[in-house]
Protein chains: 2
Amino acid sequence: MSEPAATGSGRREVTVSDVAAAAGVSKATAARALGDYGAVSDAVRDRVLGAADRLGYRPNALAKTMSTGRSNTLGIVVGDIENPFFAQATRGAADVAAAAGFDLILSNSDEDLETEAKAIGVQLAKRVDGLLVAAASSVETQNLRTVIDAGRPLVLFDRTAQGVEADSVIAANRSGARELTSLLVDAGHRQIAFISTTTHPADAFARTDVLPTSSVAERVEGFLDAMTAGGIEHPERHVHLNARREGVERMATRLLTGADPVTAIVASDSLIALGVFRAARELGLQIPRDLSLVAFDDADWTGVATPGITVMAQPIHEIGAEAAELLIRRVRGDGRPPVTRVLKQHLIERESVAPPSR
Amino acid sequence: MSEPAATGSGRREVTVSDVAAAAGVSKATAARALGDYGAVSDAVRDRVLGAADRLGYRPNALAKTMSTGRSNTLGIVVGDIENPFFAQATRGAADVAAAAGFDLILSNSDEDLETEAKAIGVQLAKRVDGLLVAAASSVETQNLRTVIDAGRPLVLFDRTAQGVEADSVIAANRSGARELTSLLVDAGHRQIAFISTTTHPADAFARTDVLPTSSVAERVEGFLDAMTAGGIEHPERHVHLNARREGVERMATRLLTGADPVTAIVASDSLIALGVFRAARELGLQIPRDLSLVAFDDADWTGVATPGITVMAQPIHEIGAEAAELLIRRVRGDGRPPVTRVLKQHLIERESVAPPSR
DNA sequence: AAACGGGTTGAGACCGGTCTCAACATAACC
DNA sequence: GGTTATGTTGAGACCGGTCTCAACCCGTTT
């Protein structure tokens, strides 16, 4: 009497109706038993669940979303998942999401506004319940407005955005940069370069310029703070952007071999620091004797390189986790005004800072 | 006459019907214009598109999937997105997917069968068109069968699975391990440990044991090949598994300080190598004088650590990309028998190998 | 003038769930 | 015994798209 197990391939999916028919009940009742809602007698429930099992029923989450309007899915848009910073933040968010019963859809923006727009469009089309975004630009915020206009909760992480009514979770970048730079200034350096891959239309950086990435903008502020406090004039000229265009190693080489070479570098992230480190080695320069180097993010290599690199560690995992928590709260209906959470960074001193040799 | 732009929040989504009404055409016609299929006169199309724009229409991808049966979405299940290997493979897959118009849904399995089952269940419920999986186990394959039974194309990457009818993309791990180990044997080492975090029920490893992760199993084979070729007897006793349970650093410390300390270590991945590197430093051992170390994967740090670590680099990006390509081909209806693509690894010799000092 | 053909359009079923509402059975109460 | 409460079930609308099919318009052909 028992039927053969579901076999073959390519055949139609088993639906609630199929299960209902097999169990000899109505579709509504079968749905109640399968979806675990409403009232169903124990006998019927067993019968339905048995039939479902026998037929190999798998619920269709999309159909469910269609009728309930909730997908139990969050979207996350990062610059590049290959970047350890984003990988860690994503993991932090994924864990919180999973614990709360949410799935995660991931997209890369490549830090490009158009790609970001496409990614956000896809996420909205998939009716995510809310969106986590490391905004490609803190200034051009139309992509973010799209999310808000669509009525979807939005939480920004790592970067804020001007005039966008959304929660954000960021690190205390300005004070972090200040502290990091002070280390160099206090060691006696005057020729200190700040390097970032953030794009900037002008060749030179001016104090009033607005940078597209708020986290970098804040680090630049902190850098300038410390430089100014150290009595260094016109510190803006030591800010070097667009490092991706020129190539980090090339830029570092240029700064280290020019007419007025730098004796210390603040790297805006660990990938940049890696480029600088390689360039220095290539040039035969010894850290910290010939060059002092500090950076953001406690990447793997910074601890095992020789010498160890002094870094400002960020609570990356927490940034992602906290952002996901805020988002889930919004999804669940929290209507309080937007908040900005600022997480502390902490200094890990290693051996990459010394007084300048010239 | 012009209406106010779509405003407010929380209101119903704009649907095809709304657009149709605003444009004064039927739902069917509006859908044709919006979905760019079927025949629509230019005049009507303009009218519909104009109305859609005015109302802020955003298509509902779920509804589309419901009626077409296609989601244009691939699922990917990795061990842990924070692991650079998986991050890179994911990126490779994401790029290929995006280029072909597919989105990606990501899940972490934590290398755990139950978590993997849940992840795959979610992906299937979301009706992904196909699934990319780095199987948590190459032996217990019920989770993978679930995918096949559901009639969804499946492509495995990094690891194969016994008796599962699916394409796979892996690296030539056995020959890679052989080459890596030979370096040590040829340098004169006899006490060489192979370390992996792969789980294994027994305390000791026996040649006939089947390991849960095929990539590691193959590396062990290659290791044994080279050890045997080098005339080392009972090389199995040098295979150390379950490193996660004990802790990599702890295990390395134990192996380096025991009664019969090892003089060389083959690390099954870069994370393990990092643990070994740290343990060695902690013990005051110098690489390569006191310990020779080789590993899989050309992680960032292996190039900048002192000394540089000799590694077997894998084409990680390509593994992900190739897997996605195969999957998309399957999704599009390719019915050829399953293939296994084996990608070459290549050796990067640095300074972490020297003859044993004892 | 009738028949034919292509281009356009609309009505309505369908995908697979949820959910409202009414119908009915049975038990509890007065 | 009648009324009310409670539990269980089924019919059918609904979510927002796609798609089939029939109807219609208008120009051509015979």
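Throughout, protein chains are lettered first and strands after them, A, B, ... in sequence-line order, and every chain is numbered starting at 1.
- Inter-residue side-chain proximity for A:T199 and A:P212 is flagged as met; some heavy-atom pair is nearer than 4.5 Å.
- In this structure, the side chains of A:L327 and A:F102 stay at 4.5 Å or more apart for every pair of heavy atoms.
- Although no hydrogens or angles enter the test, the distance criterion places no donor-acceptor pair under 3.5 Å between the side chain of B:N83 and the main chain of B:D80.
- Here the side chains of B:L113 and B:N143 are in contact, with some heavy-atom distance below 4.5 Å.
- Comparing the end axes of the helix from C:dA1-D:dT30 to C:dC30-D:dG1, each fitted to five base pairs by superposing C1' atoms of four pairs onto the next four, gives an inter-axis angle of 60° (nearest 10 degrees).
- Across the interface with DNA chain C, nearest-nucleotide mapping of B:G24 and A:S17 shows B:G24 to be the residue nearer the 5′ end.
- A:D334 contributes a side-chain N or O that, together with a main-chain N or O of A:R336, makes up a donor-acceptor pair within less than 3.5 Å.
- Looking only at side-chain heavy atoms (C-beta outward), A:Y57 and A:D18 stay at 4.5 Å or farther from each other.
- Judged purely by atom type and a 3.5 angstrom limit, B:S214 uses its side chain to pair as donor or acceptor with the backbone of B:T160.
- Contacts with DNA chain D (heavy atom under 4.0 Å) in residues 42-52 of chain B: none are found.
- Near DNA chain C, defined here as any heavy-atom distance below 4.0 Å, the residues from residues 29-36 of chain B are B:T29, B:R32, listed numerically.
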Ignoring hydrogens and angles, write down the donor-acceptor pairs under 3.5 Å from the side chains of residues 39-49 of chain B, residues two or more places apart or on other chains.
{"from": "B:S41", "atom 1": "OG", "to": "B:V44", "atom 2": "N", "distance (Å)": "3.4"}
{"from": "B:R45", "atom 1": "NH2", "to": "B:V40", "atom 2": "O", "distance (Å)": "3.1"}
{"from": "B:R47", "atom 1": "NH1", "to": "B:A23", "atom 2": "O", "distance (Å)": "2.5"}

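- Atom CG in B:N72 sits 7.5 Å away from atom NZ in A:K126 (nearest 0.5 Å).
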| task | Just do the salt bridge (Lys or Arg N to Asp or Glu O under 4.0 Å) check on B:R152 and A:E13 with the steps written out, would you? | result | CA-CA 11 Å; B:R152 301 284 155 179; A:E13 309 273 349; 2.7 Å; yes
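- Residue-to-nucleotide proximity on DNA chain C shows that, of B:A39 and B:S67, the 5′-proximal contact is made by B:A39.
- Counting only distance, with no hydrogens or angles, the side chain of A:D112 and the backbone of A:E114 share a donor-acceptor pair below 3.5 Å.
- Applying the salt bridge (Lys or Arg N to Asp or Glu O under 4.0 Å) definition to pairs two or more places apart or across chains, those involving residues 155-167 of chain A are A:E111-A:R159, A:D167-A:R330.
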| said: The test is side chain to side chain donor-acceptor pair (under 3.5 Å); show your working for A:S71 and A:D129 and say whether it passes. | reply: CA-CA 6 Å; A:S71 61; A:D129 288 336; 3.2 Å; yes
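- You can see that DNA chain C meets the heavy atoms of chain B within a 4.0 Å-exclusive cut from C:dT8 to C:dG16, reading 5' to 3'.
- Residue B:R58 is classed as a sugar-phosphate contact, given heavy-atom separations below 4.0 Å to backbone atoms only.
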